[in-house]
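Each remark here refers to the structure printed beneath this line.
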Amino acid sequence: MEMTANATEAAFHRKRADMRRFGMWLFLGSEVMFFTGFFAAYIVIRSASAGSIVQPLNKALGTLNTVILITSSFTMALAVLASKKGDRKGLVNWMGLTWILGVVFLCVKGVEYAQHFSEGIYPSTDIFHAFYFLFTGFHALHVIAGLVVMGVLWFRARRGDFNETYNDPIEMMGLYWHFVDLVWIFLYPALYLL
Amino acid sequence: MSEQTISGTTAEAPHAGGGGHHHPQPTSFFRRYVWSYDHKVVGKQYLITSLCFMLLGGGLAMLLRWQIAYPFVPVPFIGHWLKGMFFFGNNGAITPEGYLELGAMHGLVMIFFVVIPLIVGGFGNFLIPLHIGAEDVSFPMLNALSYWLYAAASVPMLLSFFVDKGAAAAGWTNYPPLSDIAGASPSSLGLTLVLVAIYLAGFSSILGGVNFLVTIAKLRAPGMTWGRLPLLTWAQFITAVFQCLATPMLAAGASMLIFDRVFHTSFFLPSGLMVGGAAAANSGGGYPLLWQHIFWFYAHPAVYILILPTMGIASEILTTFSRKPVFGYKAMVISLASIMGLGFIVWGHHMFVSGMNPMLGMAFMVSTIFIALPSGVKVFNWLGTLWGGNIRFDSPMLFALGFISMFIIGGLSGIFMASTPADIYLHDTYYIIAHFHYIVFGATIFAVFGGISFWFPKFFGRMMNEPLAKLHWLLTLVFFNLTFFPMHFLGEAGHMRRLATSTDYEFLNSLAGLNVFITWSAYYLGLSQLIFVFNFFHSMFYGKKATENPWQGNTLEWTLPSPVPYYNFDVPPVVYRGPYEYSSEEAGDKDWISQSTPPVPGMTPAKH
Amino acid sequence: MSDEKHPEMCWGGYYVVYNVLLLLTILTFAFSYVHLGPHAVNIAVALVIAAVQGSLGLFFMMGMRHEDRLSKGVFLFCACLFTIAVMVTLTDFVFLGTYSVSHQVAQVMHGLADAAVGQ
Amino acid sequence: MSKRFLRFCAASVFALLPGLAGAEGFGFLPPVCTQSGRQIDHLYLTIFGIVVALFVLTEGTLLFCVFFFRQRKGRKAWSMHGNNVAEVVWTIIPALILGYILYLSSSLWTKLRIDEPSEKSNLVVECLAEQFDWNFRYPGPDGVFGTPDDVMTVNELHIPVDRTVILKISSKDVIHSFFFPYARVKQDAVPGLLTKVWFDVDRMGVWNLATQKPELVTLDQYNGMKVALDGFDLKDPVVNPDGLRDYSYAPSAGIKQVPVELDGKITQLPPDQAAYVAHPYEIACAQLCGPGHFAMEGHVVVQTQADFDNWLKTAPDLGPTFRQKWNEAWDSQHPEFNKPNP
């Protein structure tokens, strides 16, 4: 069957978007395995000591952070939706809001760390705080990396690089951001609540 | 996966790989050879860098052997020049601390900086797009990034030699608390640098794995179904799964170990440690075995990363030079898949006597015993391929035959360690060293030499010198066996691993002669590699000009001019048959027919 | 991805999922103050809530629904590896240092007996 | 080529002979002094037989193909894609062979490591590994560890012959590995974790003064020999032309009377009367534990029950430093290690 020019163009873009999304899923799979190492160690050490290593953490800030990240995950989903519809202004606004929420998350994290340091609690204090700093530290690194890339994409979006057929980077960013949020969703009860 | 039928003429998308070309052809030297997106250039960069690191790794091994054969005797020449530096004491002899550094760095360099980059980065990058008929890998920029991450990883590794207290000295496995507490192992900053180096090399390996998985899954030429993939591409696919999903566990373990060393946390340090009379400054609460579980969860898939691609290379060479289809293509793919499945659940056989619960020892014994099956099936299929073939003995085929025979010995000597009671005695002895050198040197490196001379026309457009390659094969095979087979006897006699000298033990007294014998055969083995080094670099410029298909192979890369042009296939190939249709009636008088030759009307096309 | 085959998630769909996630967060936070029975129950509940949140985020927010079999396969394989890594390491540490089968079985029995009697 | 190398070739040929299961000191295997060790050797040699058979089968087929299916004029390879029956056959048969090995190994592993001998009825010794020494501790007369009457030794494990000894192992600093080659026993010493191993030594180590060679003898043979318990020194090894070190025992300088044991009775005799000298077995560290890893040598002195009890009563007290070391690294950190399992 003879394909019209832009139909083959759209087919080619969809094929490339499939390829990139599959690559993103694989990368997220390897990130899952990265946090598997930490979760396995935490579960083992905690259950072998029958929970005696658990120290109290600031539950309020933890819950606040969870709400912030879930909201940013929501706004990111709307940004991806906007980019698929070709709505440049919507994309710029929603992704900007997501970026701000990410920075707020890091600020709350900073406050929590400052609280710990002021009380003289460091990773070397005890095994639970070692895991606390390990988990939240590497999660924060992933958030920072995500914010850097999102910032670059925000400027490109403002410049109008993305349209209805070419919005793969936004979609990849969406997948990555949802993943970072999911890691926190599992991390929050493990460290703060139980 | 959508089964792409033989769509004949009009392919659905103009280019299987993409609309316009992925990336414009670069002109400046920097973009053509240094920061290049072309998978062929990245492949060659990996190839040459890892071959250079092999010289470093080999050199470290030679120093090791000197200390084992002549303990604390000043090393001639080098010991005199480098007195008091690196591994040498003031009298030019290797110090006990220096011996540990040699051992650890030999292991680390050979695994992370030689074998994985060579067979996955070098052969994988160069050949996967050619074998599946694609223009380039899925993410070319990521490909260049993963090479330069690997190159960046070598900086902290090399730096660790020059740092005070020397390089890592806790074995390539870095078991805590030795690798963890400050005073325990001689090295301090050097070990942290090496952990950072492993971190970067692991990250490059993960990106490479993602890249290859997506390339093989999504960029196959029309007609190249999963059943028509060459076995090297299947092997790289399974290796990429291991790389992508197992390496992050090493990153997690290394992060925790770096936290322990830098921030004095104690993930792997129990409370109440006493080092050198003083209580170790750590808060305790961790478990040393935790590191072993996390490390070996990665490291066993890693040793499969070391062997699977070369199984693919051997399959390619064996079929091409036996002029005969591979025996049991489906069985080979099923055994690869079962190695992937089992490879993740056997790591406990490294820990039978490490204090792991014996019930788990039993469970891991069962899974380890049955992982010998897929390898066995592959060996029998290789022999089936040779059976009834019309074998030509060029240098690639000689190396592939060396691969099979050494892999048989290595595989069989592995069965001793799978049975836990025998492993009680053989663990951490030279028996283990003999086993894994037969696999990693006897099998992998032989297949690498075979692969290099087989695809040299595609790499550099020239042929390697055949007589020199055959001489190198003969010397390497002989001296390899003289070096590593006696290690089985050392291990059987109970000679422990990583001993700077065995003179303290009366029960090892009778083995001193054997150690000297092994050392000298190791030196001859090292010397005979110079033949390859000369042949490799000389033929690159002065070798005989190569035709398009010097070995009459079927796979797609042999339909391209050598060396391969920038965009590989000017028009995307359409595949009509499997890669191994040698001596089929469809081929008529000549005994090969390329995958992309359209079927002759009236002839029954190949079954699948 | 705007495919003819797959209905696209609309604005309202994301909003509903967002609210459900928030609700579950508040639920798990509230539940951490409720102590009924041994600690294991709390852990189980928190785990179930986190799993529900995770799968919600995965299937709707990330669009796992529309993915082809290969991506789903990758994720399932990762989930299996996660369970293997955690479960096997756990069995090594739960019976730390105690060896003989009879002893381990006895220890487990004591543990269950205490749990039944003690609570 | 030195004599030693020729003997190595002879030994390697002998080592390749398949299926000589149960032969004592087969090939390069060192002598074995425990019943469990003999079973491990037996299993090792059974696997060795199977492996050699498989080796001959596969390499033979390879060589046959290489010679028989060489490229000859006008010859065309068979166009054969595979044979499902062959695939099934060479999956099932190796599976059965591996299953057999699995059966043998699992029964022996259960006997060695899963079913532990009870600590009440057997001699229990505690072993604390540290960077580059082995510390051993006996419960002493009151039978309880951690009490002041415990007997402690360094790098010297005294055990009675023909009795099961349970060794409870832990470490002070890094991971070491207790390796007793003649008993085919190996177990890592992990800090913060108690690991156990047991062995039933039924051979005593003696040094034949005539041939200057170590020998392993049963208790009955030992009772029939005149064995000097003390008064002889192991001289520094002399390097012989093969480049190997020859060990030899000689009476220590100026000693007139040496305690010679014959059938359990110890009499003071001049040194030349003794035909044998009591020679200890060796233990080593098998896990990389730092620069001194190669020097962590220890001895196991196997004695008759009477000699052992006598030694236990007269063992020298090593002083407060060792007691403090054991207290810091073992008793204060892990008191539960001292309690016997039910």
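Chain A is the first sequence line, chain B the second, and so forth, proteins listed ahead of strands; every chain is numbered from 1. Computed from a prediction, not measured in an experiment: that's the story for all the values here.
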Does any heavy atom of chain B fall under 4.5 Å from the side chain of [X], the backbone, both, or neither of them?
X        : answer
D/Leu288 : both
D/His176 : neither
D/Glu297 : both
D/Val197 : neither
D/Ile283 : backbone
D/Val51  : both
D/Asn84  : neither
D/Tyr281 : neither
D/Ile47  : both
D/Ala86  : side chain

Next on the checklist: Looking only at side-chain N and O atoms, does D/Gln187 offer a donor or acceptor that is under 3.5 Å from a partner on B/His427?
Outcome noted: no
Most chain D-contacting option - heavy-atom pairs closer than 4.5 Å, from [options]:
options                                : result
B/Glu97, B/Met365, B/Met351            : B/Met365
B/Ala500, B/Ala170, B/Gly494, B/Gly389 : B/Gly389
B/Gly384, B/Ser271, B/Gly272           : B/Gly272
B/Asp591, B/Ile409, B/Ile404           : B/Ile409
B/Leu499, B/Ile408, B/Leu490           : B/Ile408
B/His488, B/Arg497, B/Met397, B/Met362 : B/Met362

Tell me, out of [options], who's got the most heavy-atom pairs with chain B below 4.5 Å.
options                               : answer
D/Trp90, D/Phe64, D/Phe55, D/Phe180   : D/Trp90
D/Glu130, D/Arg184, D/Lys111, D/Gln39 : D/Arg184
D/Ser177, D/Ser106, D/Ala329          : D/Ser106
D/Leu104, D/Leu62, D/Leu54, D/Asp246  : D/Leu62

Checklist entry - Around D/Tyr100, counting heavy atoms of other residues, nucleotides and ligands shown, do more than 12 lie under 6.0 Å from its OH? => result no
Item to check | D/Lys213, NZ: over 12 other non-hydrogen atoms inside 6.0 angstrom | outcome: no
With rounding to the nearest 0.5 Å, note down the distance linking [atom1] in [X] to [atom2] in [Y].
X        : Y        : atom1 : atom2 : answer
B/Leu398 : B/Phe393 : CG    : CZ    : 7.5 Å
B/Met406 : D/Glu59  : CE    : CD    : 6.5 Å
B/Asp423 : B/Tyr431 : CG    : OH    : 11.5 Å

Next on the checklist: I need the single residue from D/Tyr247, D/Tyr249, D/Trp207 that forms a side chain to side chain donor-acceptor pair (under 3.5 Å) with D/His279. Which is it?
Outcome noted: D/Tyr249
Item to check | D/Lys186 NZ/CZ over D/Phe179 ring centroid, <6.0 Å and within 45° of normal | outcome: yes
Checklist entry - B/Ser179: what forms a side-chain hydrogen bond (donor to acceptor under 3.5 Å, both in side chains) with it, not counting sequence neighbours? => result none
Checklist outcome for this item: Sorted by chain and number, sequence neighbours left out, side chain to side chain contact (heavy atoms under 4.5 Å, CB included) with D/Gln333 holds for none
Item to check | Output field: ring centroids B/Phe327/D/Trp78 closer than 6.0 Å | outcome: no
Item to check | Lys/Arg N to Asp/Glu carboxylate O, D/Glu87 vs B/Lys330, below 4.0 Å | outcome: no
